[in-house]
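Scroll down for the structure; my scribbles are underneath it.
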Amino acid sequence: SAGTGVCSYGPRDMEPVPEPFDVVVVGAGISGIGAAHHLRTRWPDGSFVILERRATFGGTWDLFRYPGVRSDSDMFTFGYEHRPWPSAKPIAPAAEIRDYLGRTIVEGGFSDHIRYGQHVVRAEWSSPEASWVLECENGARYKCWFLFACTGYYNYDRGYEPEFPGAESFVANGGCIVHPQRWPEGLDYAGKRVAIIGSGATAITLLPAMADQAAHVTLVQRSPSYIVPAPNSDPVAAAAIQEGKSPEEVHRSVREQKAKDMQNIETYGALMTAEQRNALFISFMRLALPEKHMSQEDFTRHFTPGYNLWEQRLCVSPDADFFRALRRKKASMVTDHIEAFDENGIRLKSGNHVACDIIVTATGLQLHENMPMASMKVSVDGKPYVASTHRLYKDCMLSEVPNFMFCRGYFQASWTLKVDLVCKYLCRLLAHMRATGAAVACPRVPAGGIGEPPAMPVKANYVLRTLHLTPRYGAEVPWLPLFSYQHDQQLLLEAPVADAGLEFSSAPAAAREEGPRARL
């Protein structure tokens, strides 16, 4: 049951009595909706609720409203394993993704399990009670046996916005500065000169989306990125649709092919040096932007990244839309450092100037500094949670934090591939606890320690900025980061749930009298 949604009050202090559930999921984005499916189908006797701080579902796909916002992973693997993506186009606009998620909620029967406007601001674990008590900003309170955080990895309230000297003079002269995370509704850029600061996926999406209506779009980047031009039609899906196969058959065929492709990329990529992999992808960009459209000198400056492939997330250009805008001269690129803004645009350290009417600061995301708790203040038996003092177990649980799991997708592959694995693992763990009578599951670092993790292969600035604040990995399984869908299936879906890193215990006597199911 999803609960009544009615708060009663305790007789003594008139505090709302927490509404009880077996599992509380925080967040109704793509991860939380995926969790609902797995809890309904793999743990059908349990009660759960999804608490969403915003007024609707969708997370990222409802928050971001900038022009052209779309997926940067193919929807056959970014979509759910259990729900076919209804198109041959692998890259989809946000509106279609929101529609897909909405249909998943309705057809899966999850609507009554989602509570909107429930911003969880506090979560307190009590060992004597063997349960969590959650408090929302609006005063609502919930109690649960297990807490599952599906809050993503970045701060919803603000993006990363470095200070640019002279911004006030640009605005005072009639200029407009906007960050993609807070895109103003109805912003008119038709016939305007637009400068986009950044070189990540958002900037690569914005440039072609704005180029048709703007007078001109200039991408101002400090350093280049890998941008892969790719046709926005999957040949396997298109052929299967033409053959009259059902949506389920199409979905299965494409996902099987994607799995083979991923395996081949891992296999053949391992046979190449980093320099060879870099050169191969740079050659893809050169094919999309031949020398007649950009000189070799300019191409080298704008399209030779200073990092190795996959150290930052790969940018996708569906149907080469980014390169097409450059070929048509509707857009241009500048690779330089910004000195300051002035009344008429952006002054560069080289002495050059970019004149513009609108500046879009696509400077990146701001990660949670309390990862993975988002804006929740968390305590365990009264001790405040400090992220950097904990270790990551199976990349989805935290040392010394009982009955807690979080969901964070892949960096180098579709987010949802890992979501599905973690949700299945959650259900395996819950079933194991119920079968064995365990009330508490808590990762514990062994007395001998777990060593220090290998160097992080990810060099994205938004990751590096907060790395010192986040929980740390260890040197061996199950404390290593999970990067490979193929290998991670074995660890999360096949390896025994009980291992040396996960401590199980029964509830204290006072909590055990009613039992977890009756109590919750």
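Just so it is clear, the model here is predicted, and its values are computed rather than measured. These values consider heavy atoms only, across backbone and side chains, with no hydrogens, waters or symmetry-generated copies. Quick note: residue numbers are just sequence positions, from 1.
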Report the C-alpha separation of Lys89 and Glu96 in whole Å, then their side-chain angles, then the decisive distance to 0.1 Å, and conclude whether the salt bridge (charged side-chain N to carboxylate O under 4.0 Å, His left out) test is met. CA-CA 11 Å; Lys89 288 189 174 183; Glu96 291 183 13; over 6 Å; no
Got a sec, which residues hit ring pair (Phe, Tyr, Trp, His ring centres under 6.0 Å) with [X], two or more places apart in sequence or on another chain?
{"X": "Phe406", "answer": "none"}
{"X": "His179", "answer": "none"}
{"X": "Phe110", "answer": "none"}
{"X": "Tyr142", "answer": "none"}

Cation-aromatic face contact Arg391/Tyr473, 6.0 Å, 45 degrees: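 No, Arg391 and Tyr473 do not form such a contact.
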Going through the checks in order, is the salt bridge (charged side-chain N to carboxylate O under 4.0 Å, His left out) test met by Asp157 and Arg53? CA-CA 12 Å; Asp157 297 319; Arg53 63 178 288 188; 2.9 Å; yes
Centroid-to-centroid, [X] to [Y], below 6.0 Å?
{"X": "Tyr393", "Y": "Trp479", "result": "yes"}
{"X": "Tyr100", "Y": "Trp85", "result": "yes"}
{"X": "Phe148", "Y": "Phe146", "result": "no"}
{"X": "Trp415", "Y": "Tyr153", "result": "yes"}

Please find the pair of heavy atoms, one from Ile450 and one from Pro446, that lie closest to each other, and give the distance.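 Shortest heavy-atom contact: CG2-CD, 3.6 Å.
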Applying salt bridge (Lys or Arg N to Asp or Glu O under 4.0 Å), can you list everything that pairs with [X], at least two apart in sequence or on another chain?
{"X": "Asp261", "result": "none"}
{"X": "Arg40", "result": "none"}
{"X": "Glu400", "result": "Arg444"}
{"X": "Arg252", "result": "none"}

Evaluate the criterion salt bridge (charged side-chain N to carboxylate O under 4.0 Å, His left out) for residue pair Asp488 and Lys418; output intermediate values, then yes/no. CA-CA 8 Å; Asp488 300 345; Lys418 192 171 175 189; 5.9 Å; no
Is the shortest heavy-atom distance from the side chain of Leu134 to the side chain of Phe21 under 4.5 Å? no
Do the non-hydrogen side-chain atoms of Ile114 and Ile105 ever get within less than 4.5 Å of each other?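 When only atoms from C-beta onward are counted, Ile105 and Ile114 do touch, with a gap below 4.5 Å.
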Hey, can you tell me if His82 and Tyr80 have their rings parallel, tilted or perpendicular (30° and 60° cut-offs)?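 Parallel: the ring planes of His82 and Tyr80 meet at under 30°.
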Side chain to side chain contact (heavy atoms under 4.5 Å, CB included) against Leu480, all qualifying residues, sequence neighbours excluded: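 Counting only residues at least two positions away or on another chain, Leu480 forms a side chain to side chain contact (heavy atoms under 4.5 Å, CB included) with Pro454, Val477.
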Any pair with a residue in residues 422-432 that passes side chain to side chain donor-acceptor pair (under 3.5 Å), sequence neighbours left out, goes on the list, sorted by first then second residue, please. Glu81-Lys424
Residue pairs meeting salt bridge (Lys or Arg N to Asp or Glu O under 4.0 Å), one or both in residues 118-128, sequence neighbours left out, come to Arg122-Glu135
The complete set of salt bridge (Lys or Arg N to Asp or Glu O under 4.0 Å) pairs with one or both residues in residues 467-478, sequence neighbours excluded, reads Glu452-Arg472
For atom CZ of Arg65, is the number of surrounding heavy atoms from other residues, nucleotides or ligands below 6.0 Å larger than 12?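 Result for CZ/Arg65: enclosed.
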Starting from the C-alpha separation in whole Å, work towards a yes-or-no answer on side-chain hydrogen bond (donor to acceptor under 3.5 Å, both in side chains) for Thr60 and Tyr154. CA-CA 10 Å; Thr60 292; Tyr154 65 89; 2.6 Å; yes
Looking only at the side chains, is there a donor atom on one of Thr104 and His37 sitting less than 3.5 Å from an acceptor on the other? no
